[in-house]
Each structure stands twice: as structure tokens, then as C-alpha cells.
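Since the structure comes first, as C-alpha cells, the remarks are kept for the end.
In what follows, every heavy atom counts, from backbone to side chain, and hydrogens, waters and symmetry copies are set aside. Not measured: the values here are computed from a predicted model.
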Amino acid sequence: MIPTSQWNSGWNSSSNYSGWDPKAPIAYATTTGSSLTFHNACAILKVTITGDGSYAIFTISANEPLAGTFSLDTSTGTLTPTSGSTTVTVGNGIYANSFNTEGGNKTAYIAIAPGTYTNFKLHLYNEDDDDKPIKKSGSVTFEAGKIYDLGSYYIEIF
């Protein structure tokens, strides 16, 4: 299962912590004889939040399932949704306790199912509930085992 809400408590600290929700990435192994080869079944999206003490959450959405429950075909590495969600929320749901950038920028890595997505959107929200839509929308393809940098975004709290 790829979580529909991804959060790492290190993002709320004043240290310059980057990372992902430890429950989010899915990996599998194949074997040849006595050797194991590990594969990442997810695509990873990278988003950096900057500012001076900013706090924010963001969502990623598309018309197709990004997260949820998937079956995995280990012979091809294909994830097929069985109970998917078209939205992933990143943050802990409380603006004041999500991304604390007083100690430096925070980079979040978000696991999603690989695939082609239509109407793909990234929305940033600050504690004033201001919607800061990112203009990256349309059809986009993400492959398993690759990291895609969606950019760095400054969120200012007044």
C-alpha cells in the first residue's frame, strides 16, 4: 500500500531534515540463484519547501490513482490499483506543524505509483489556507525507480 497521507516528523524539526515517510516506498526483490536484486516499485517526487520559519502542507492530485492499495506483478514490476486514491496529502494535516524551515530548507520525497497521469497538479497551502497552485499540470509520466524534481517553493507566513 502506498499511503494517501505521507508525513515524516523530521520535517517539523528545526534541523535541515529531508526524507520521506518511512511507510511510503514499496520495494520488491527478484532472485537469481542465491542473489537478490532489489527494485523500487514506486516513482518518487521531490518537492523542496523554503522560507523563514514557513509552515505548509501540499497535495498532489491526478485523474488516475496515485496511492492506495495496489497489486504488484514482480515479473514485470507493474503496480495495478485495487483501491486507489487520486490524491496524496503531504504534511501532518496541521499547517503549523508541517514544514518548519527555520533550520533550513525541507525536501520531501513522495512515493506514488508509476504511470501516466492526466490533470496532474501540485497544490501548496500555508497556514492562512492560501492555495498556491503550481502550474505543472496536464499529462505527465513517472517511471518506477526514478526521482522527479518538481521544484523548490517559497512559502511566506505573515
Side-chain angles (χ1 to χ4, degrees), residues 1-27 40-72 79-158:
M1 179 172 165
I2 302 171
T4 58
S5 179
Q6 297 184 29
W7 167 248
N8 188 311
S9 61
W11 295 327
N12 189 24
S13 73
S14 60
S15 65
N16 189 10
Y17 180 82
S18 297
W20 54 53
D21 181 329
K23 299 179 296 282
I26 296 173
N40 187 344
C42 295
I44 304 296
L45 307 181
K46 175 184 173 186
V47 176
T48 302
I49 306 293
T50 67
D52 184 16
S54 67
Y55 300 91
I57 64 172
F58 60 92
T59 60
I60 297 165
S61 63
N63 290 349
E64 297 76 22
L66 296 158
T69 305
F70 292 80
S71 62
L72 172 64
L79 287 173
T80 304
T82 57
S83 173
S85 173
T86 58
T87 302
V88 174
T89 301
V90 182
N92 69 349
I94 304 169
Y95 298 110
N97 290 324
S98 286
F99 293 89
N100 176 353
T101 58
E102 291 178 85
N105 301 339
K106 296 292 195 282
T107 300
Y109 295 89
I110 303 94
I112 65 167
T116 299
Y117 296 99
T118 56
N119 202 24
F120 178 85
K121 293 180 184 174
L122 168 63
H123 289 274
L124 295 170
Y125 304 88
N126 66 20
E127 70 179 349
D128 297 324
D129 203 22
D130 293 334
D131 184 6
K132 309 266 188 207
I134 304 308
K135 296 179 176 46
K136 186 173 195 110
S137 63
S139 180
V140 62
T141 299
F142 298 113
E143 295 179 31
K146 293 191 178 183
I147 297 173
Y148 296 88
D149 191 344
L150 299 185
S152 179
Y153 304 97
Y154 179 82
I155 302 292
E156 185 173 16
I157 304 300
F158 296 102

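Between Cys42 and Ile2 the shortest heavy-atom distance is SG-CD1, 3.8 Å. Contact between Ala62 and Leu66 at its shortest, heavy atoms only, is N-CD1, 3.9 Å. Nearest heavy-atom pair across Ile147 and Lys46 is CG2-CB, 4.1 Å. Looking at every heavy atom in both residues, Ala67 comes nearest to Pro3 through CB-O, 3.6 Å. For the pair Ala113 and Pro65, the tightest heavy-atom approach, listed with the atom from each and the gap, is CB-O, 4.3 Å.
The structure places CE of Met1 at 5.0 Å from OG1 of Thr69, a figure rounded to the nearest 0.5 Å. To the nearest 0.5 Å, the span separating OG1 on Thr87 from CD1 on Ile60 amounts to 10.0 Å. Atom CG of Asn40 is separated from atom CD1 of Ile26 by 9.0 Å, given to the nearest 0.5 angstrom. Taking OG1 of Thr118 as the reference point, atom CG of Asn63 lies at 3.5 Å (rounded to 0.5 Å). Remark: Asn119 CG to Ser139 OG distance equals 10.0 Å, nearest 0.5 Å. Going from atom CD1 of Ile110 over to atom OG1 of Thr59 covers 11.0 Å, rounded to the nearest 0.5 Å.
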**OP:** Run the numbers on Tyr153 and Leu122 for side-chain contact (heavy atoms from CB on, under 4.5 Å), then give the verdict.
**Re:** CA-CA 11 Å; Tyr153 304 97; Leu122 168 63; 3.9 Å; yes
**OP:** Run the numbers on Phe58 and Val47 for side-chain contact (heavy atoms from CB on, under 4.5 Å), then give the verdict.
**Re:** CA-CA 10 Å; Phe58 60 92; Val47 176; 3.8 Å; yes
**OP:** Carefully, step by step, assess Ile49 and Asn105 under the rule side-chain contact (heavy atoms from CB on, under 4.5 Å).
**Re:** CA-CA 6 Å; Ile49 306 293; Asn105 301 339; over 6 Å; no
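Remark: the backbone N or O of Trp7 is paired with a side-chain donor or acceptor of Asp21 at under 3.5 angstrom. Of the possible donor and acceptor atoms, none in the side chain of Glu143 sits under 3.5 Å from a partner among the backbone N and O of Ala43.
A donor-acceptor pair shorter than 3.5 Å cannot be found between the side chains of Ser61 and Thr86. Counting only N and O atoms by type, the side chains of Thr141 and Thr116 include a donor and acceptor under 3.5 Å apart.
Partners of Tyr117 according to the ring-ring contact (aromatic ring centres under 6.0 Å, His included) rule, which considers only residues two or more places apart in sequence or in another chain, do not exist here.
Between Phe142 and Phe120, the ring center distance clears the sub-6.0 Å criterion.
Screening Asn8, Ile44, Val90 against Tyr109 for a side chain to side chain contact (heavy atoms under 4.5 Å, CB included) leaves a single residue, Ile44.
Thr4 places none of its side-chain heavy atoms less than 4.5 Å from the side chain of Thr89.
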